[in-house]
Colleague: 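My questions will all concern the structure given below.
What's counted below: heavy atoms across the whole structure, side chains too, no hydrogens, waters or symmetry copies.
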Amino acid sequence: MTSHDHSNAAPGDLEPLCGEEEFAHEVREFVADEAPRVFALVEEYGERVDGRIVAWGMVFNDCAEVVSVDGGLHLSLASPERAHRVFSRCRKIRLMWVSHPSGGEQ
């Protein structure tokens, strides 16, 4: 929320910045702004015959974390596109972004 370093201060030594309601609003906005983007890697069967999700991923500022749906693989990669290339080596994979619950794209 801020770039202040409070590591050396005891919590009781700091004054509240604002009221509870305003602070809760600020925290919600901060979390929404910092939330990772979510994507899926979807394996396509045949020519648009069927598909299944093979992995889920989250993109942070400096990396993408990917976990296969069977839990057997966890990768830290530079980007979702790199994850797509890794999973696409032996099968047809689509990189699909998950829309924000409000209906808009993240």
Side-chain angles (χ1 to χ4, degrees):
M1 292 182 352
T2 66
S3 60
H4 300 296
D5 181 11
H6 300 297
S7 59
N8 293 329
D13 294 342
L14 302 172
E15 292 295 320
L17 298 173
C18 54
E20 173 59 35
E21 190 174 314
E22 183 180 348
F23 188 74
H25 174 75
E26 292 294 324
V27 170
R28 276 191 300 278
E29 296 228 345
F30 173 70
V31 169
D33 289 345
E34 296 294 319
R37 291 184 66 198
V38 177
F39 64 93
L41 296 170
V42 179
E43 182 175 9
E44 183 178 332
Y45 295 115
E47 187 67 29
R48 298 179 308 277
V49 174
D50 200 0
R52 73 178 183 101
I53 297 171
V54 295
W56 286 101
M58 291 190 302
V59 182
F60 297 92
N61 289 335
D62 59 349
C63 69
E65 298 292 325
V66 183
V67 178
S68 62
V69 294
D70 64 9
L73 185 63
H74 176 204
L75 300 171
S76 293
L77 300 161
S79 68
E81 293 75 22
R82 179 72 181 127
H84 179 253
R85 284 193 298 275
V86 168
F87 278 81
S88 294
R89 288 185 179 152
C90 301
R91 51 196 165 181
K92 187 173 182 180
I93 299 289
R94 292 177 183 248
L95 171 62
M96 305 297 299
W97 291 100
V98 176
S99 294
H100 191 274
S102 68
E105 184 72 18
Q106 283 187 347

Colleague: Are V67 and M58 connected in a single hydrophobic cluster, I mean Ile/Leu/Val/Met/Phe/Trp/Tyr linked by side-chain heavy atoms less than 4.5 Å apart?
Modeller: no

Colleague: To check you understand the geometry: which heavy-atom pair defines the closest contact between V66 and A55, and what is its length?
Modeller: CG1-CB, 3.7 Å

Colleague: Just how far is it from atom CZ of R85 to atom CG of L77, taken to the nearest 0.5 Å?
Modeller: 9.5 Å

Colleague: Could you pull out the closest heavy-atom pair between E44 and E47, with the gap in Å?
Modeller: OE2-C, 3.9 Å

Colleague: Restricting to non-hydrogen atoms, name the atom on W97 and the atom on F39 that form the minimum distance, rounded to 0.1 Å.
Modeller: CE3-CB, 3.8 Å

Colleague: Check whether Y45 and V54 end up in the same hydrophobic cluster, where Ile, Leu, Val, Met, Phe, Trp and Tyr are linked by side-chain heavy atoms less than 4.5 Å apart.
Modeller: no

Colleague: Atom CG of L95 and atom OG of S79: how far apart are they, to the nearest 0.5 Å?
Modeller: 9.0 Å

Colleague: Is S68 reaching over with its side chain to a backbone N or O of L73, donor-acceptor style, under 3.5 angstrom?
Modeller: yes

Colleague: Tell me, do N61 and E34 make a side-chain contact under 4.5 Å, heavy atoms counted?
Modeller: yes

Colleague: For the residue pair E21 and H25, confirm or rule out a side-chain donor-acceptor distance under 3.5 Å.
Modeller: no

Colleague: Specify the closest pair of heavy atoms between V59 and P80, including all atoms of both residues, with the distance to one decimal.
Modeller: CG2-CG, 3.3 Å

Colleague: Look only at the side chain of H84 and the backbone of I93, and say whether a donor-acceptor pair between them is shorter than 3.5 Å.
Modeller: yes

Colleague: Going hydrophobic residue to hydrophobic residue with side-chain gaps under 4.5 angstrom, can you get from I53 over to V38?
Modeller: yes

Colleague: Salt bridge check: are E43 and K92 linked by an N-O gap of less than 4.0 Å?
Modeller: no

Colleague: What distance separates D50 CG from R48 CZ, expressed to the nearest 0.5 Å?
Modeller: 13.0 Å

